[in-house]
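Shown next, in structure tokens, is the structure this report addresses.
Quantities reported herein were computed from a predicted structural model and do not represent experimental measurements. Just so you know, these numbers use all the heavy atoms, side chains as well, and skip hydrogens, waters and symmetry mates.
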Amino acid sequence: MNITFGQGKRDRFDHIGFLVDDREHNEVLKNAALLGWRVDEGERRTFISTPWRFRVELQRRKEAVRSEAFPSLARLELNIDRPGRLSALAELLGVEAEDKGETCLIRTADWELQLSRGQESALESVEVRQREPLTATDPVGVSIASTT
């Protein structure tokens, strides 16, 4: 799972990116079809539209994502303002989830993603793995912290 911070025409959460191999890519596309979610498959990457105004990016090129110079993502917290089962994102990715209705925790050995009902769909906090301690808030209020 990766995240990119950047400026746009307006401040909003746009997408979550996942580095996948060919097998995982094909499985996620099958799951997207079962969920009825729109897929935009490009030459470089694939985007899947969720019902919550953000997209899921599938990236198969390791060189586009992996770098020792950048910390790895450990945990994301997202607020979701639209109806729909929060666990559907876990179904898309083919992973287990703890769905409690108003919150859903999706967890793998490498990362966690917590979805919660909120006032608007937005990225709430980011936790990264890196050696140096980090505590910050980005310009739109996203909490960024590190863990070792």
Side-chain angles (χ1 to χ4, degrees), residues 1-20 24-42 44-60 64-67 69-148:
M1 182 167 55
N2 76 343
I3 187 166
T4 302
F5 291 92
Q7 294 181 320
K9 293 180 181 177
R10 59 190 174 103
D11 296 326
R12 69 181 181 93
F13 175 66
D14 183 69
H15 70 275
I16 306 169
F18 294 90
L19 180 62
V20 296
E24 292 167 322
H25 182 268
N26 293 336
E27 286 298 315
V28 172
L29 293 187
K30 287 179 192 173
N31 294 340
L34 290 172
L35 289 164
W37 292 1
R38 188 172 62 90
V39 174
D40 180 14
E41 191 169 4
R44 294 176 8 146
R45 55 192 177 167
T46 299
F47 284 99
I48 301 166
S49 298
T50 72
W52 306 298
R53 288 187 289 194
F54 71 84
R55 300 174 299 158
V56 172
E57 175 190 358
L58 302 179
Q59 177 62 258
R60 289 184 277 185
V65 177
R66 299 236 170 162
S67 171
F70 296 102
S72 63
L73 200 53
R75 181 178 168 84
L76 284 183
E77 291 186 23
L78 295 173
N79 285 333
I80 304 296
D81 69 347
R82 297 218 164 174
R85 287 179 305 103
L86 299 178
S87 60
L89 187 58
E91 292 171 24
L92 175 73
L93 300 172
V95 297
E96 295 295 317
E98 295 174 32
D99 190 348
K100 298 179 181 171
E102 293 298 304
T103 63
C104 180
L105 182 62
I106 302 169
R107 181 182 295 140
T108 71
D110 297 321
W111 51 262
E112 285 185 2
L113 176 57
Q114 180 177 309
L115 305 173
S116 301
R117 297 286 177 200
Q119 295 288 330
E120 63 180 314
S121 290
L123 180 60
E124 191 68 27
S125 70
V126 176
E127 189 175 310
V128 295
R129 283 185 200 89
Q130 68 176 26
R131 291 184 182 104
E132 301 299 318
L134 170 69
T135 303
T137 303
D138 89 337
V140 296
V142 176
S143 170
I144 305 166
S146 65
T147 184
T148 54

Atom pair CZ/CD of Arg117 and Glu102 - distance to nearest 0.5 Å: 6.0 Å
Within-4.5 Å side-chain heavy-atom neighbours: Leu105 and Lys100: no
Out of curiosity, Ile80 CD1 to Arg53 CZ, how far, rounded to the nearest 0.5 Å? 9.5 Å
Step by step, would you call Leu58 with Leu29 a side chain to side chain contact (heavy atoms under 4.5 Å, CB included)? CA-CA 10 Å; Leu58 302 179; Leu29 293 187; 4.3 Å; yes
Search all heavy atoms of Asn31 against all heavy atoms of Gly94 and return the closest pair with its distance. ND2-N, 3.9 Å
Which residue in the set Leu35, Leu34, Ile106 passes side chain to side chain contact (heavy atoms under 4.5 Å, CB included) when paired with Glu91? Leu35
So, Arg82 side chain and Glu120 main chain: donor-acceptor pair closer than 3.5 Å or not? no
Sub-4.5 Å side-chain heavy-atom contact between Phe47 and Glu57: yes
Any donor-acceptor N/O pair, Asn79 side chain to Ala122 backbone, under 3.5 Å: no
Neighbour count above 12 (heavy atom, 6.0 Å) for Arg38 CZ: no
Does Leu76 form a side chain to side chain contact (heavy atoms under 4.5 Å, CB included) with Leu123? I'd like the steps, not just the answer. CA-CA 8 Å; Leu76 284 183; Leu123 180 60; 3.8 Å; yes
Could you label the plane-to-plane angle of the Trp111 and Phe18 rings as parallel, tilted or perpendicular, counting under 30° as parallel and over 60° as perpendicular? tilted
Heavy-atom closest contact (Glu127 atom, Leu73 atom, distance): O-CD1, 3.7 Å
Would you say the side chain of Ile16 lies within less than 4.5 Å of the side chain of Leu78, judging by non-hydrogen atoms? yes
I need the minimum non-hydrogen distance between Ser87 and Cys104, along with the two atoms involved. CA-SG, 3.7 Å
Residue that, paired with Arg107, satisfies side chain to side chain contact (heavy atoms under 4.5 Å, CB included) out of Glu96, Glu98, Arg75: Glu98
Test side chain to side chain contact (heavy atoms under 4.5 Å, CB included), reference Val28, set Val56, Leu92, Thr46, Val39, output is Leu92
Do Val20 and Gln59 have side chains that approach each other closer than 4.5 Å (heavy atoms only, starting at C-beta)? no
Backbone N/O of Asp81 and side chain of Ser121: donor-acceptor pair under 3.5 Å: yes
Closest non-hydrogen contact found for Leu19 with Arg60 is CD1-C, 4.1 Å
Shortest non-hydrogen separation from Trp37 to Ser49 and the atoms involved: CB-O, 3.3 Å
